[in-house]
Amino acid sequence: MMKIAMLLALIGHIICGVSDCLLSYSKSGRLDLKAITDPDKMADMFKDMPLSFPLASMLLGTFAITMFSFGYFALSDWISDFSKTASTIMYISSVIFLIPIVTHHVFCGVVEWIYIRLGRTNAVREAVLEMQIKTIATMVVGYLGLAAFMITLFVMIVSGNTSLPVWACVFNTLAAMIVLAPTKLPAKGNIAGAVMYLGLLILI
């Protein structure tokens, strides 16, 4: 069951990365987030974005996050063999991460869909940006939960308190994000998550 959960998490992060790209790319290429401060530039940037992209992103992202949730809960259960406290922290932080982050992902798709569907006017731009700002807490809380999960996992492995070798601590989303941060790759968080679960799938 553990291997299946790791595999689901790996595939889920890959699919979620695709759903992120559907929000970050139009038919003309990658979106420039700096353009959102300029009504004309933003309208021009989204002119080639099909309505199907944000819609598909919301649906794919929801199913993908459901898939990789099995990996987070499986790791929380696995770590209980070594520390009940660490396991409890990881279970709680998993919930704090997964529920808000799926909500945040849907909000991101909704604001793009509304903006495109209602004609990309400045009034619509101001409305969707207001919505994005007022719901940003879902992202902040979600990533705080992820950070707590990953730090706990890292400390458990690097301290030698699990059955994994100490060097296995590199298979951690936060560690992978540090490596990926300077690059221009899209969906860095999901690439990092996929790398972590690939490594753990092999080692556990």
Side-chain angles (χ1 to χ4, degrees), residues 9 11-69 72 92-150 173-174 176-178 180-194:
I11 296 170
H13 271 296
I14 292 171
I15 295 173
C16 198
V18 172
S19 74
D20 283 350
C21 289
L22 287 170
L23 294 178
S24 303
Y25 287 83
S26 70
K27 289 182 177 180
S28 299
R30 193 167 186 172
L31 303 180
D32 180 9
L33 292 180
K34 295 178 182 178
I36 66 174
T37 59
D38 186 304
D40 294 330
K41 287 183 179 179
M42 184 169 170
D44 184 64
M45 180 173 67
F46 277 93
K47 69 180 181 182
D48 294 321
M49 173 72 86
L51 274 172
S52 59
F53 279 24
L55 189 61
S57 177
M58 287 185 277
L59 294 172
L60 276 177
T62 299
F63 288 119
I65 294 169
T66 301
M67 286 179 68
F68 67 58
S69 67
Y72 289 89
I92 293 171
S93 58
S94 292
V95 174
I96 294 172
F97 165 53
L98 294 164
I99 295 176
I101 216 64
V102 73
T103 306
H104 172 67
H105 186 87
V106 171
F107 281 150
C108 288
V110 166
V111 296
E112 284 197 11
W113 190 90
I114 290 174
Y115 178 69
I116 299 164
R117 182 66 179 81
L118 297 185
R120 311 191 320 275
T121 65
N122 188 41
V124 176
R125 183 189 72 89
E126 290 178 350
V128 297
L129 289 180
E130 180 183 349
M131 180 182 178
Q132 190 78 57
I133 292 168
K134 289 184 176 179
T135 60
I136 202 70
T138 55
M139 182 191 75
V140 174
V141 171
Y143 283 125
L144 285 174
L146 178 62
F149 182 99
M150 292 303 164
T173 298
L174 294 184
M177 279 293 291
I178 292 171
L180 293 171
T183 73
K184 294 184 179 180
L185 289 171
K188 292 184 183 70
N190 282 299
I191 293 173

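Numbering starts at 1 and runs along the sequence shown.
- Looking only at side-chain heavy atoms (C-beta outward), Pro39 and Glu126 stay at 4.5 Å or farther from each other.
- For the atom pair CH2 (Trp113) and CG (Leu23), the distance works out to 14.5 Å, reported to the nearest 0.5 Å.
- Panel note: side chain Tyr25, backbone Asp20; no donor-acceptor pair is recorded below 3.5 Å.
- Under a cut-off of 6.0 angstrom, the local environment of CZ in Arg117 is sparse, with at most 12 non-hydrogen atoms contributed by other residues, nucleotides or ligands.
- How far CD1 of Ile116 is from OG of Ser52: 9.0 Å, rounded to the nearest 0.5 Å.
- In this structure, Gly109 and Pro54 approach most closely via the heavy-atom pair O-CB, 3.5 Å.
- When all heavy atoms are compared, the tightest approach of Arg120 to Ala43 is NE-O, 2.7 Å.
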Return all side-chain donor-acceptor pairs below 3.5 angstrom for residues 132-148, not counting sequence neighbours, or 'none' if the list is empty.
residue: Lys134; atom: NZ; partner: Glu130; partner atom: OE2; Å: 2.6
residue: Thr135; atom: OG1; partner: Met131; partner atom: O; Å: 2.8
residue: Thr135; atom: OG1; partner: Gln132; partner atom: O; Å: 3.4
residue: Thr138; atom: OG1; partner: Thr135; partner atom: O; Å: 2.7

Problem - Derivation of the side chain to side chain contact (heavy atoms under 4.5 Å, CB included) call for Met150 and Ser93 - result: CA-CA 9 Å; Met150 292 303 164; Ser93 58; over 6 Å; no

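- Closest approach of Ile65 to His105, counting heavy atoms only: CD1-CB, 4.3 Å.
- In this structure, Lys41 does not pair ionically with Asp44, as no charged nitrogen and carboxylate oxygen lie closer than 4.0 Å.
- Met45 contributes atom CE, which lies 12.0 Å from atom CG of Asp40 (distance to the nearest 0.5 angstrom).
- Of all heavy-atom pairs between Cys108 and Val111, the closest is O-CG2, 3.2 Å.
- Atom CG in Leu55 sits 12.0 Å away from atom CD in Glu112 (nearest 0.5 Å).
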Handout entry: Steps toward side chain to side chain contact (heavy atoms under 4.5 Å, CB included) verdict (Tyr115, Leu129)
Key = CA-CA 9 Å; Tyr115 178 69; Leu129 289 180; over 6 Å; no

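- Note: Asp38 CG to Arg125 CZ = 7.5 Å, rounded to the nearest 0.5 Å.
- Scanning both residues, Lys27 and Pro50, for their nearest heavy atoms gives CE-CG, 3.5 Å.
- The CZ atom of Phe53 lies 13.5 Å from the CE atom of Met58; values are rounded to the nearest 0.5 Å.
- The backbone N or O of Thr183 lies less than 3.5 Å from a partner atom in the side chain of Lys188, making a donor-acceptor pair.
- Evaluation of the side chain to side chain contact (heavy atoms under 4.5 Å, CB included) rule for Met67 yields Leu8, Ile11, Ile15 as partners, not counting sequence neighbours.
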Handout entry: Residues Phe149, Thr173; criterion side chain to side chain contact (heavy atoms under 4.5 Å, CB included); working and verdict
Key = CA-CA 10 Å; Phe149 182 99; Thr173 298; over 6 Å; no

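- Counting only distance, with no hydrogens or angles, the side chain of Ser19 and the backbone of Cys16 share a donor-acceptor pair below 3.5 Å.
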Exercise for the section: Test ring pair (Phe, Tyr, Trp, His ring centres under 6.0 Å) on Tyr72 and Phe97 and set out the steps. Expected result: CA-CA 10 Å; Tyr72 289 89; Phe97 165 53; 5.4 Å; yes

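- Annotation for Asn190 and His13: closest pair OD1-ND1, 2.9 Å, computed over non-hydrogen atoms.
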